[in-house]
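To keep things clear, I will list the structure first and then write my remarks on it.
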Amino acid sequence: MGITFVTEKGERVAATGEPGIPLLEVAQAAGMPLEGTCEGQMACSTCHVIVAPEWFARLPEPSEEEEDMLDLAAGVQRHSRLSCQIVLTPELDGIEVRIPSESRDMSGF
């Protein structure tokens with residue numbers, strides 16, 4: 001499955017992932033600055049991404065817990081989601097997401 005990440009500088013990074021895995025794992029493997037501190041437990045917002053509008057409606061509705069975490073994320077927009085909660089499916093082949101400029105990966109420090 002193909003995924004396109006758009007960096008804060010506007011660079012497009014192509015990546016691939018298998019159905020059934022979280023988008024966060026694909027992003028991290030592609031070198032995107034998404035920390036995912038809580039490892040998908042929705043206890044942080046360090047994997048916040050902005051989904052391209054044409055793809056946003058194809059995603060399942062976010063849970064109340066995800067919406068609560070997004071309230072804490074920097075730079076949240078109408079099409080924001082937590083990448084740990086987007087599980088890849090064949091219908092998402094080609095999805096495009098943008099990395100927010102406020103994204104910080106502190107795992108290397």
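Predicted model, so just to flag it, every value in this text is computed and none were measured.
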Which pairs of donor and acceptor atoms, one on a side chain in residues 38-45, lie under 3.5 Å apart (sequence neighbours left out)?
none

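- You'll find the side chain of Gln85 stays beyond 4.5 Å of the side chain of Pro62, heavy atoms only.
- Between the side chain of Glu35 and the backbone N or O of Cys47, no donor-acceptor pair lies under 3.5 Å.
- Scanning all heavy atoms of the two residues, the minimum distance from Pro100 to Val49 falls at CD-CA, 4.1 Å.
- Nearest heavy-atom pair, Glu18 versus Ile21, reported as atom, atom and distance to 0.1 Å: O-CG1, 3.1 Å.
- Val6 and Val13 fall into different hydrophobic clusters, defined by Ile, Leu, Val, Met, Phe, Trp and Tyr side-chain heavy atoms under 4.5 Å apart, directly or through other members.
- Between the side chain of Thr4 and the main chain of Ala14, no donor-acceptor pair closer than 3.5 Å is present.
- The OG atom of Ser83 sits 4.0 Å away from atom CG of Leu24, with the distance rounded to the nearest 0.5 Å.
- Linking Ile, Leu, Val, Met, Phe, Trp and Tyr whenever their side-chain heavy atoms come within less than 4.5 Å leaves Ile86 and Leu70 in two separate clusters.
- Nearest heavy-atom pair, Thr16 versus Ile3, reported as atom, atom and distance to 0.1 Å: C-CD1, 4.1 Å.
- Under the 4.5 Å side-chain heavy-atom criterion for Ile, Leu, Val, Met, Phe, Trp and Tyr, Val76 and Met69 are members of distinct hydrophobic clusters.
- Put simply, the side chain of Ile99 reaches to within 4.5 Å of the side chain of Leu34, judged on heavy atoms.
- For the pair Ser101 (side chain) and Glu8 (backbone), a donor-acceptor distance under 3.5 Å is absent.
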Solution key, residues 87-95 side-chain donor-acceptor pairs under 3.5 Å, sequence neighbours excluded:
residue : atom : partner : partner atom : Å
Thr89   : OG1  : Glu91   : OE1          : 3.1
Asp93   : OD1  : Gly2    : N            : 2.6

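- Under the 4.5 Å side-chain contact rule for hydrophobic residues, Leu82 and Met32 do not share a cluster.
- You'll find the side chain of Arg98 stays beyond 4.5 Å of the side chain of His79, heavy atoms only.
- Between Phe5 and Val26 there is a side-chain heavy-atom pair separated by less than 4.5 Å.
- Here salt bridge (charged side-chain N to carboxylate O under 4.0 Å, His left out) pairs that include residues 47-73, with residues two or more places apart or in two chains, are Glu66-Arg81.
- Ion pairing between a basic and an acidic side chain is recognised when a charged N comes within 4.0 Å of a carboxylate O; Arg12 and Glu96 show such pairing.
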